[in-house]
Amino acid sequence: MPKQYYIIRDFSGGINTRQDPRDLRENESSFIQNMSVDALGKIKTVGKMYAHIEDQDGDTNLSEYIVQIDKDFATSGGYGLFYFESDHSRDSEQTITETKSGEPLAIGTGDGNIKFIAVKTAPDEGPADDSPL
Amino acid sequence: MAVPQESYMHLIDGGDSNSSTIYTGSLIKIGDNIKISGTASNNGIFAVTDINEADDEVYYILKGKTVVAEDSADSTDPTIEVIRAPGDKLVALGDPTSGQDVHVWSTNAVSNYATADSGWSMNAIQPTMDGAGAKYIYHFADEALRVCNINEQNTSIVRWFGYIQRHQFAFAKVDADGGDPANGLIFTEWQDHSNTLSPPKTSGGFSYSYGRAITSNDGTGTAEYFQNNRGVSIQKEDGTSALRVDGDPSKTTINFTFENTSNTDVLDQSRVGEVISIGTALGADGGANEFLLCRQISGADGGTMAYRRSYGGFLGGSSPVDYANHDTPILERGLGWNVGIADGSEPGDWAKGSYEYFQTFIYDGNQESLPVKMGNGASTIAVFNHPAAGGKALTVSIYADLAYSGRISGGRIYTRIAETDDDLILLADIDIVKGVRTTLDGDHVNWTYEDGNGYHVVGNSDGNSSAPNLDTYNTINGYAPDVKFNSIGGRNELYKASVVAGRRTFIANVKTFGFTGELERYGDRLMYSEIGKFDTFLPHNFIDVSKGDFGEYVALETFADRLLAFKHNLVHVINISNPSPASWYLEDTVKYMGVSYPYSVTRTEFGVAWINESGCFLYDGSRVRNLIEKRLGTSQSTSSLLDPWYKFAMGSANLKDAMIGYDAMSNSLIMFRSPSDGSDNANLSYIYDFDSNAWTYNLPLFTNDKIYTNFISDWNNNLTIAKYDGSQYIDFLKYLPIPSACSDQELVTKDIDFGMPGITKKVYSVRITYKAGATQANPLKYALNGTQSWSSFATVTLATASAWDIGVFTPSSPQSCQSIQLRFDLPSSGTFEINDITIEYRVIKGKMVT
């Protein structure tokens with residue numbers, strides 16, 4: 001009989017430890033460790049738990065990621081983490097207490113101060129207190 | 001641009017950065033909301049609708065409450081908080097260390113991603129009073145996160161952490177005396193509160209806030225607000241004396257201790273969510289210099305109470321206060337609503353009789369507390385009744401305190417003929433911002449501020465309630481006012497599983513005082529909230545799924561209008577597609593498929609998946625499938641290299657705490673033996689790929705002897721986890737299917753008989769097409785005839801290859817066999833790919849296997 005060639009091109013069946021190794025389908029394997037079959041047509045090294053800074057390519061740093069926290073606690077595995085989104089920021093965008101660096105914000109008529117003007121809208125009440133000349 | 005013709009805030013010479021950088025630095029933008037506090041007359045929340053600049057003068061046009069002309073400092077210290085609404089990405093991380101709670105991270109709050117802790121607010125949510133090892137579960141609905149510590153060894157309460165935008169008494173008029181303007185509390189922020197819907201404070205069954213029969217009043221008398229240490233505000237005291245501050249709290253102190261005049265610490269007089277003021281007498285002009293919110297009470301270890309400072313803003317610039325030792329009084333604020341009742345002069349439909357009164361708080365705009373019967377404010381408190389003459393309208397006046405806890409959005413006053421079991425008839429509907437109305441479809445009458453005392457809406461002498469409303473507590477809320485409870489989450493109350501589905505919260509395995517007055521746990525009780533009211537749980541709102549089938553619920557999940565309730569040995573599938581709970585039904589009880597921990601369950605786009613010692617299951621909305629069926633041996637493995645499934649899932653200590661997560665990016669399930677390190681080789685893991693329905697086994701994804709949290713999906717849909725590795729920091733990791741160099745990579749093929757099991761074959765060589773990130777010496781072995789006894793090929797080292805390369809393996813001599821099994825066992829760490837494997841063989845004609 002001439003030589004023949006048996007070719008395995010498809011690994012997408014993954015592990016099968018339920019059936020006898022001789023009865024597996026062509027694309028199944030008896031054992032796969034630390035390798036992945038998610039790319040059809042080949043088997044490759046498995047991914048990993050990357051640092052959260054990594055982009056989808058595992059090589060580029062994201063500009064937005066969960067910052068590590070300076071805590072060390074070692075109980076209650078399996079609990080404690082939750083992600084949620086909100087229309088509103090946790091903190092204010094700005095908290096303005098100074099009109100400029102070193103100068104407290106104040107109410108008054110001097111430069112850099114604020115004042116509030118209630119514009120009178122009724123026609124018989126005249127112009128706004130702060131109306132232009 | 002010209003000076004605006006609408007009310008505005010003028011930043012003088014603001015176009016010149018030498019005067020101010022507020023405008024030149026674009027600190028306030030069009031569309032922002034700004035919270036102004038610390039002014040004399042313009043504290044409030046405003047929307048910035050336009051910004052004009054002319055000749056270096058800058059005008060911020062404000063919409064919201066009425067702007068009052070103000071250009072004098074008046075010792076005020078204004079603060080402008082700018083609230084922009086770009087959306088925020090938030091992460092909660094429970095800290096099980098004693099004395100620590102739940103930290104919250106905000107994307108928008110990060111100042112430097114390279115700096116640890118940036119963006120984190122430590123202990124932003126404080127469910128636990130004492131004890132270590134807290135285990136937090138969460139659910140989120142309508143911009144509020146609910147946090148429950150399920151560790152019964154701790155002392156804790158269920159917490160509500162949500163966004164509140166409200167200016168209490170925002171549109172209040174100043175009283176006729178022209179006193180100081182009001183400084184209602186202003187919130188545009190996230191706050192941490194108890195999850196309970198507490199009613200107004202009571203003593204002896206009657207409310208501290210009281211009713212009074214009035215003949216005429218204008219709301220100016222202090223008796224309308226306080227008398228006999230009763231009313232909308234009371235002084236903290238114990239059996240010895242009024243309480244006072246112990247120590248010398250500075251403007252930044254948050255931990256307080258109170259004592260009596262015998263210098264004995266009094267630590268049991270605070271409750272989470274209470275608002276207090278210190279050092280200002282009841283009714284003093286100006287009210288209070290600062291309000292404080294209680295965030296944490298003293299636990300069993302007698303620690304201090306934690307208060308949030310400058311609650312509701314900086315008032316008129318007086319807040320925060322530098323307190324002194326023995327400052328007193330300490331006033332509890334916003335305990336209810338005082339009510340004045342009289343017969344009106346106009347005819348009406350109120351029947352003759354003696355009426356009793358009830359009051360409630362409304363939380364978050366739509367969740368009403370249970371009603372409490374109103375007292376009369378006497379030194380020895382008793383019920384308040386009003387004898388109506390009949391045939392008259394009623395004059396109803398409402399008196400409120402200066403400040404209320406942030407979740408309280410209003411309240412209601414009800415009445416009925418005294419000592420009857422009639423329905424509670426709505427008498428007044430109170431909105432803490434708008435004012436009071438006596439019918440639900442009426443207009444609110446605005447509050448009026450009474451300097452130092454509080455706010456009032458005084459009914460006119462004609463009578464502002466002409467007839468009893470048809471609306472009752474029952475018709476408004478959909479349940480009777482005499483239920484035993486309508487919320488869960490007080491001290492040591494908890495639930496061990498929760499999920500939000502169909503605009504309701506479902507909780508299970510409940511521990512509460514509510515049913516009997518004793519703290520009891522109902523392990524197989526599955527409760528649900530009222531629709532749209534995520535914290536309103538009623539005694540009768542439970543699903544009577546089963547009784548006596550043993551076990552308690554450990555997890556809840558939902559998919560396709562089904563609620564899946566997990567016990568350790570079964571799963572209840574409950575159809576909740578009908579809006580009416582009466583039409584919900586138990587669709588299936590799936591036995592032998594339960595879980596022991598909530599993190600053994602996850603939701604995917606295909607359904608709910610979970611893992612136990614029998615397999616990995618998927619409920620797709622119609623049936624449960626075992627994803628390892630015909631793939632992985634549950635109790636036996638046909639591979640000598642891989643243990644059966646049950647050993648993986650049970651762990652060496654039989655803890656059965658395998659964890660599962662769904663990575664949407666790779667469309668795969670990730671399973672992890674023990675996140676709590678409760679097993680030998682706790683790092684063992686499996687990956688199930690939904691695209692190929694294939695399983696692989698992994699070692700390097702997780703690290704043995706380390707602690708991990710549960711999985712989450714982040715904003716990029718990456719499966720994310722936090723890892724405690726014993727170092728200084730807690731790191732956040734995510735699964736990416738990008739190959740990363742690792743050791744111990746193995747592939748064992750099927751036992752190949754070339755389709756002719758009974759005929760002898762001779763194998764000459766094996767060729768592989770591969771890529772390699774590192775050289776691999778002699779990576780291939782073979783076993784003949786199903787023995788799994790491995791032999792080496794002739795020495796071959798695969799070179800590194802970034803493009804497809806060929807490796808040829810040849811046995812020392814052609815091998816005659818019935819079948820051959822190949823084993824790639826890569827000796828070196830590196831990335832590796834195999835595209836195909838080619839076996840060169842010849843069938844030996846006529847040579848049958850013997």
Side-chain angles (χ1 to χ4, degrees), chain A residues 1 3 6-9 12 14-15 17-18 21-22 24 30-34 37-38 42-45 47-50 52 58 66-70 73-84 86 88-97 99-100 107-108 111-112 115-116 118-119 132, chain B residues 3 7 13 19-21 27 42 67 69-71 80-82 84 88 92 94 96-97 106 108-109 116 118 133 135-136 138 140 163 599 633 637 639 641 675-676 689 692 694-696 707 709 712 729-730 732-733 736-740 745-746 748 750-751 831 833 835-837 839 842-843 845:
Chain A
M1 297 285 284
K3 283 186 177 175
Y6 181 87
I7 303 172
I8 304 172
R9 292 193 178 91
S12 64
I15 301 175
T17 62
R18 183 75 178 86
R22 193 173 293 182
L24 304 188
S30 181
F31 181 58
I32 299 172
Q33 177 175 282
N34 301 349
V37 296
D38 58 5
K42 65 180 180 181
I43 185 168
K44 61 183 177 61
T45 305
K48 70 170 185 177
M49 301 303 293
Y50 284 78
H52 201 255
I66 304 174
V67 177
Q68 65 178 185
I69 184 169
D70 188 359
F73 43 92
T75 57
S76 302
Y79 293 95
L81 193 61
F82 192 77
Y83 172 70
F84 57 110
S86 170
H88 294 91
S89 292
R90 191 198 66 197
D91 299 337
S92 303
E93 183 77 16
Q94 304 278 348
T95 299
I96 302 170
T97 57
T99 192
K100 65 177 184 179
I107 295 176
D111 288 349
K115 60 180 181 178
F116 294 88
V119 173
Chain B
V3 174
S7 296
D13 201 36
S19 298
S20 174
T21 54
L27 301 188
N42 286 286
V67 173
E70 182 177 356
D71 62 5
I80 302 173
E81 290 181 55
V82 181
R84 212 159 282 159
D88 204 357
T97 310
S106 155
N108 293 347
S118 186
K135 297 173 180 176
Y136 296 108
Y138 308 86
F140 184 76
Y163 182 79
Y599 47 79
S637 171
S639 170
L641 300 171
S676 63
D689 180 47
S692 58
W695 289 88
T696 55
I707 302 294
T709 65
I712 59 170
Y729 301 109
I730 292 166
F732 293 87
L733 309 171
L736 295 175
I738 309 300
S740 176
Q745 297 176 69
E746 287 195 52
V748 179
K750 64 176 286 188
D751 189 24
T831 57
E833 295 181 35
N835 185 271
D836 52 68
I837 303 170
I839 304 173
R842 187 194 304 275
V843 176
K845 185 177 181 182

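Just so we're on the same page: letters track the sequence lines, and every chain starts at 1.
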Heavy-atom contact with chain A under 4.5 Å, split by part of L733(B): both

So which atom in T709(B) and which in Y79(A) form the shortest heavy-atom distance, rounded to 0.1 Å? CB-O, 3.5 Å

Distance in Å, I96(A) CD1 paired with I80(B) CD1, rounded so as to fall on 0.5 Å steps: 5.0 Å

Side-chain heavy-atom pair T17(A), W695(B) within 4.5 angstrom cut-off: no

If every non-hydrogen atom of L641(B) is compared with every non-hydrogen atom of F31(A), which pair is closest and at what distance? CD1-CD2, 3.4 Å

Most contact-rich option vs chain A, by heavy-atom pairs under 4.5 angstrom, among I837(B), L27(B), D13(B), N835(B), is I837(B)

Starting at CZ of F116(A), measure out to CG of N42(B) and round the result to the nearest 0.5 Å. 4.5 Å

Closest approach of F732(B) and V67(A), non-hydrogen atoms and distance? CE1-O, 3.6 Å

So how far is it from D751(B) CG to R22(A) CZ, rounded to the nearest 0.5 Å? 4.5 Å

Scanning both residues in full, the closest heavy-atom pair of E81(B) with T95(A) reads CG-OG1, 3.8 Å

Top contributor to chain B interface from S76(A), G80(A), G14(A) [non-hydrogen pairs under 4.5 Å]: G80(A)

Between chain A and each of V843(B), V67(B), L736(B), count heavy-atom pairs under 4.5 Å; write down the option with the most. L736(B)

Nearest non-hydrogen partners of S12(A) and S692(B), listed with the distance: O-CB, 3.4 Å

So which of R90(A), K48(A), H52(A) has the largest heavy-atom pair count under 4.5 angstrom toward chain B? R90(A)

D689(B) portion near chain A, given a 4.5 angstrom heavy-atom threshold: side chain

Test of understanding: with ring pair (Phe, Tyr, Trp, His ring centres under 6.0 Å), list the residues that count as partners of Y136(B), not counting sequence neighbours. none

Partner residues of K135(B) under the salt bridge (Lys or Arg N to Asp or Glu O under 4.0 Å) criterion, sequence neighbours left out: none

How close do T696(B) and V37(A) get, heavy atom to heavy atom, and via which atoms? CG2-CG2, 4.1 Å

If you count heavy-atom pairs within less than 4.5 Å of chain B, which of I69(A), I15(A), I8(A), L24(A) leads? I69(A)

Which class fits the ring pair H88(A) and Y163(B): parallel under 30°, tilted 30 to 60°, perpendicular over 60°? parallel

Which value, rounded to the nearest 0.5 Å, describes the distance between I7(A) atom CD1 and D836(B) atom CG? 7.0 Å

Looking at I707(B), I839(B), T831(B), which makes the most heavy-atom pairs under 4.5 Å with chain A? I839(B)

Do E70(B) and I107(A) come within less than 4.5 Å of each other through their side chains, counting heavy atoms only? yes

Highest number of heavy-atom pairs under 4.5 Å with chain A among T97(B), D71(B), T21(B), I738(B) belongs to I738(B)

Can you tell me how far CG of L81(A) sits from CD1 of I730(B), rounded to the nearest 0.5 angstrom? 10.0 Å

Part of N108(B) lying under 4.5 Å from any heavy atom of chain A: side chain

Could you grab the distance from atom OG of S740(B) to atom CG of N34(A), nearest 0.5 Å is fine? 11.0 Å

Using a 4.5 angstrom heavy-atom cutoff, name the option from G633(B), G94(B), G133(B) with the most pairs to chain A. G633(B)

Is S20(B) reaching over with its side chain to a backbone N or O of T99(A), donor-acceptor style, under 3.5 angstrom? yes

Which one of R9(A), K42(A), K44(A), Q68(A) has the most heavy-atom pairs closer than 4.5 Å to chain B? Q68(A)

Under the 3.5 angstrom rule, does the side chain of S7(B) hit a backbone N or O of V119(A) as a donor-acceptor pair? yes

Interface moiety of Y138(B) toward chain A, non-hydrogen atoms closer than 4.5 Å: both

